[in-house]
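Take a look at the structure below.
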Amino acid sequence: MRDEDGVTIRLEDYRPADFQIHHVDMTVRLFEGHAEIDTTLELERRPGAPADAELRLDGDELTLTTLALDGVAVPAQGFEAAADRLTLRGLPQSGRFRLAIGTRIEPERNTKLMGLYRSNGVWCTQCEAEGFRRITYFLDRPDCLATYRVRLEADREAAPILLANGNPVGGGPLGELRHFAEWFDPHPKPSYLFAVVAGRLDAVSETFVTGSGREVALTIYTERGLSERAGYAMDALKRSMRWDERRFGREYDLDVFNIVAISDFNMGAMENKGLNVFNHKYVLLDPDTATDADYAGVETVIAHEYFHNWTGNRITCRDWFQLCLKEGLTVYRDQEFSSDERSRPVKRIASVHTLKANQFPEDQGPLQHPVRPTQYREINNFYTATVYDKGSELVRMIATILGEQKFRAGMDLYFERHDGEAATIEDFVTCFEDAGGIDLSQFFLWYQQAGTPKLEVSQIYDETAGRLTLRLRQSLDKGAAGTGTRPMHIPVRYGLVGANGQDLDVSGASTDARVDGDLIHLTGEEATVTFDGLSGRPYLSILRDFSAPVDLRYNEAEADRLALARLDPNPFGRWRALTDMVGDALVAAIRNGQDAAPDSVLDAMVAAAADETLEPALRAQMVSLPGETELTRLVARDVDTDVIHAVRVSTLAALGRRGQGTFEALRRELADTGAFSPSAQAAGRRALRNTLLAPLATAARDPSVAVTQYETARNMSDRLAALTVLTHHFAGSAAAETALGAFYERFVDDQLVLDKWFMLQASAPDAGTLDKVVALAAHPAFRLANPNRARALLAGLAGLNPYVFHRADGAGYRWMADMLGKLDTLNPQTAARMATAFRSWRSMEPKRREAAQAALSELAGRDGLSRDLADILDRTLR
Ligand code: TRP
Ligand code: ZN
């Protein structure tokens with residue numbers, strides 16, 4: 001396969017750099033059309049480095065303007081400069097020396113949005129993973145830590161605000177028109193955490209007093225006119241700071257903490273030291289323009305980036321193979337934060353849902369890789385669900401295995417031992433071995449072996465003896481990554497539920513495995529656990545709280561599932577039993593040519609919706625049918641998305657019929673009254689009410705309930721829920737078109753809401769959608785260069801709309817391939833990310849499979865593809 005452009009980087013080849021950069025002094029001069037960067041590196045040959053070692057600095061599309069060693073211009077024979085590398089020979093053998101490097105760049109032309117670029121007039125940077133080398137030549141690798149002093153100079157009109165990492169240390173006018181600001185970051189950091197921002201920005205500010213009494217000035221900057229929408233983000237920031245003090249004993253460590261919201265941004269946000277830069281989608285909110293899901297997203301991302309200050313910044317990664325060291329751990333921390341701030345079971349269900357939707361297909365398809373990969377061609381392609389979300393699951397399993405106190409002791413040890421360092425996964429895991437007094441060497445396989453282990457569970461009940469015997473068996477196939485298949489340490493949380501809905505005492509279990517209360521440590525291929533003295537067969541509530549990221553195969557009787565869905569004292573267990581039942585019923589209907597899931601299953605969903613012992617948010621999760629994308633995953637082979645769509649729609653309508661009275665009563669009871677609150681409780685009530693809209697409207701074959709809700713909605717959650725039902729279930733109707741038109745008119749000046757308008761139409765499972773999407777790509781408000789807008793249309797179709805993307809005639813695939821080709825010329829990172837929508841092409845039925853392969857191969861064969869996109873396409877086709 002193609003590898004001519006790409007060098008494969010391997011973990012086993014890691015070695016430290018030959019030079020150390022102690023300190024960086026930078027002057028960034030911003031002008032219309034270009035920027036001049038003067039950088040002075042304070043360097044030293046690393047002890048033990050070869051005497052003839054050259055200094056090889058990374059660059060990317062750079063132009064060198066000046067080069068001086070200790071104040072003297074470097075003669076031509078002393079260096080070699082290319083756009084992607086600056087090499088110097090004959091540097092001093094010992095002691096520190098200073099290398100001054102001048103570069104000139106053009107931020108306005110930077111559509112990759114990596115390095116220094118301009119977004120809506122604002123200068124900003126994105127340096128992770130390898131963007132700093134697009135600003136100046138550097139040892140652009142995470143194990144090179146330096147302190148930075150940065151001076152920014154710009155036009156006072158164009159950029160009244162000048163920000164960089166660390167604390168502000170000076171500033172003032174420069175003649176008539178320009179001014180400057182100086183910043184110093186005392187914490188040694190890798191270059192990927194470097195950031196500057198300059199522009200006309202509005203701000204909201206507050207003061208936070210840390211646990212030890214230090215004052216920190218918090219500011220959130222937005223584009224002009226949008227700062228009133230940053231209030232919730234500020235509140236989430238303060239709660240995050242307090243939570244990290246309480247839960248992990250971590251205090252903030254600078255005098256200021258700044259966040260800047262930017263409209264053109266490749267990902268969610270970036271944790272630059274003291275200067276987080278965000279996709280404005282994760283900062284700006286108000287009830288009129290943002291849904292409850294948006295509020296939850298802002299809270300999570302604000303927390304995530306803040307928590308990186310310790311897990312990522314104070315302790316960073318030795319190399320990019322260790323990415324999960326900061327990302328898996330920080331996702332775990334933000335999930336814990338949301339659990340504490342909102343509802344633990346509801347958050348856990350949401351996380352498991354995301355894991356199964358995003359990570360499982362990745363782990364079971366051509367893009368499979370271990371949580372800690374051992375090779376890559378393009379590191380940008382490894383910011384994946386596996387590294388982030390499965391990475392978080394691994395940390396959670398360590399916490400489960402150690403228990404709360406020892407886990408906290410392990411975290412304390414990690415902070416104490418590695419603060420200020422660039423660490424590895426081995427370093428991290430060793431802290432838990434030392435603090436917990438246990439051996440995690442088998443557990444370490446979770447970081448090395450790719451794929452989702454299968455966990456098969458069976459039970460035998462001996463009526464006369466009153467004995468229940470559980471058998472557990474694990475197995476792991478060799479997948480695309482070709483890593484190992486050895487048995488792993490799987491913590492399996494469980495309960496035995498009596499007929500009255502009480503957990504039985506399970507302390508008397510006898511076993512050939514290790515059982516620790518309600519936790520079975522499955523370490524071998526198989527284990528048997530026996531419970532004696534039972535007075536009747538209990539219900540087995542297995543894999544509670546999804547205690548391990550496994551593919552559970554349990555031949556569970558429907559009667560048991562119905563019982564657990566009603567009476568498992570563990571709320572997660574109730575959701576698990578019900579959704580497994582619903583999923584299996586739908587897959588059976590799809591495979592066997594039935595119209596819809598059976599009534600017994602639908603009635604259980606109706607009962608869950610009405611169960612007042614459960615919080616509304618949880619009831620909403622229980623009464624939600626799996627989406628078509630999820631069903632595509634569950635069906636797994638020879639998928640025909642037309643059948644999936646048909647069965648899902650009839651099941652939705654059948655659910656609406658079975659539940660009509662109950663659902664209508666609930667919707668009345670939950671109707672929006674009083675003032676808007678973004679609280680989890682209020683959001684949960686809206687979620688339940690809105691989840692019932694689609695079944696009711698499809699059952700009635702009448703959009704009027706959605707039309708009424710659209711017209712009377714007083715917040716975006718209710719409005720968008722109604723519009724979704726109209727566009728997805730009544731596509732092309734006058735009701736849908738009228739509402740879409742009204743929505744557009746109302747929000748025409750709001751970028752974030754327009755993204756929703758584009759996405760909603762692209763994700764409509766309807767025969768007319770592709771033509772509509774082609775027209776939308778030519779709409780004056782469509783901008784392929786803006787990642788949010790591009791994502792709305794491309795991922796709206798390819799990620800959220802299997803019915804259209806996987807059209808049997810291949811038109812969906814061809815449209816997507818074509819758009820990816822165009823996007824790749826502007827923004828390779830975003831193109832590559834969206835190309836992963838093709839990852840499940842092999843699970844389609846033959847006709848679709850062939851069409852997908854043809855579209856992929858055509859795109860992969862084009863000249864001049866980026867390394868990012870070529871890497872994804874090659875692996876997807878391999
Ligand atoms: N480190 C960031 C986070 O998860 C994500 C990130 C990685 C990123 N690379 C990026 C963001 C490139 C924007 C662009 O918190
Ligand atoms: Zn992160």
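Each ligand, and each atom within it, is numbered from 1 in the order the structure gives. The first residue of the sequence shown is numbered 1, and numbering continues consecutively from there. The basis for the numbers below is simple: all heavy atoms, side chains too, and nothing from hydrogens, waters or symmetry mates.
Considering both main-chain and side-chain atoms, Q829 never comes within under 3.5 Å of ligand 1 through any nitrogen or oxygen pair. Taking distance alone, with nitrogen or oxygen atoms compared against 3.5 Å, N266 stays at or beyond that limit from ligand 1.
Ring planes of F407 and F248: perpendicular class, angle over 60° (limits at 30 and 60°). The aromatic rings of F138 and Y148 sit tilted relative to each other, their planes meeting at an angle between 30° and 60°. Classification of the H308-H304 ring pair by plane angle, with boundaries at 30° and 60°, yields perpendicular.
Interface of K326 with ligand 1, defined as ligand atoms under 4.0 Å from a residue heavy atom, comprises 1 (N). Heavy-atom contacts of M270 reach the following atoms of ligand 1: 1 (N), 2 (C) (cutoff under 4.0 Å). Numbered from 1 in the order shown, with element, the atoms of ligand 1 that lie under 4.0 Å from a heavy atom of E271 read 1 (N), 2 (C), 3 (C), 15 (O). Below 4.0 Å from some heavy atom of E305 lie the following atoms of ligand 1, by number and element: 3 (C), 15 (O). Listed by number with element, the atoms of ligand 1 under 4.0 angstrom from any heavy atom of H304 are 3 (C), 4 (O), 15 (O). Those atoms of ligand 1 with a heavy atom of A269 less than 4.0 angstrom away are 2 (C), 3 (C), 5 (C), 11 (C), 15 (O). Residue M267 has at least one heavy-atom neighbour below 4.0 Å for each of these atoms of ligand 1: 6 (C), 7 (C), 8 (C), 9 (N), 10 (C), 11 (C), 12 (C), 13 (C), 14 (C).
The N, O or S atom of H304 lying closest to the Zn ion (ligand 2) is NE2.
Taking the six-membered ring wherever Trp is involved, the centroid distance between the rings of F415 and W310 falls below 6.0 Å. Taking the six-membered ring for Trp and the full ring otherwise, Y252 and F257 have centroids separated by under 6.0 Å. For an aromatic pair to be called close, the ring centres must be under 6.0 Å apart, and Y117 with W123 fails this.
Residue contacts to the Zn ion (ligand 2): E327 brings an N, O or S atom closer than 2.8 Å.
In terms of protein heavy atoms, atom 9 (N) of ligand 1 is closest to E128 O, 3.6 Å. Among protein heavy atoms, the minimum distance from atom 7 (C) of ligand 1 is reached at Y383 CE2, 3.2 Å. Ranking the protein heavy atoms by distance from atom 10 (C) of ligand 1 puts Q126 NE2, 3.5 Å first. The single protein non-hydrogen atom nearest to atom 4 (O) of ligand 1 is Y388 OH, 2.6 Å, given as residue, atom name and distance.
In this structure, the side chains of T316 and L145 come closer than 4.5 Å at one or more pairs of heavy atoms. The side-chain heavy atoms of I9 and Q375, taken from C-beta on, include no pair separated by under 4.5 Å. A 4.5 Å side-chain heavy-atom check between L201 and V122 finds at least one atom pair inside the cut-off.
Side chain of T836 to backbone of R833: a donor-acceptor contact under 3.5 angstrom is found.
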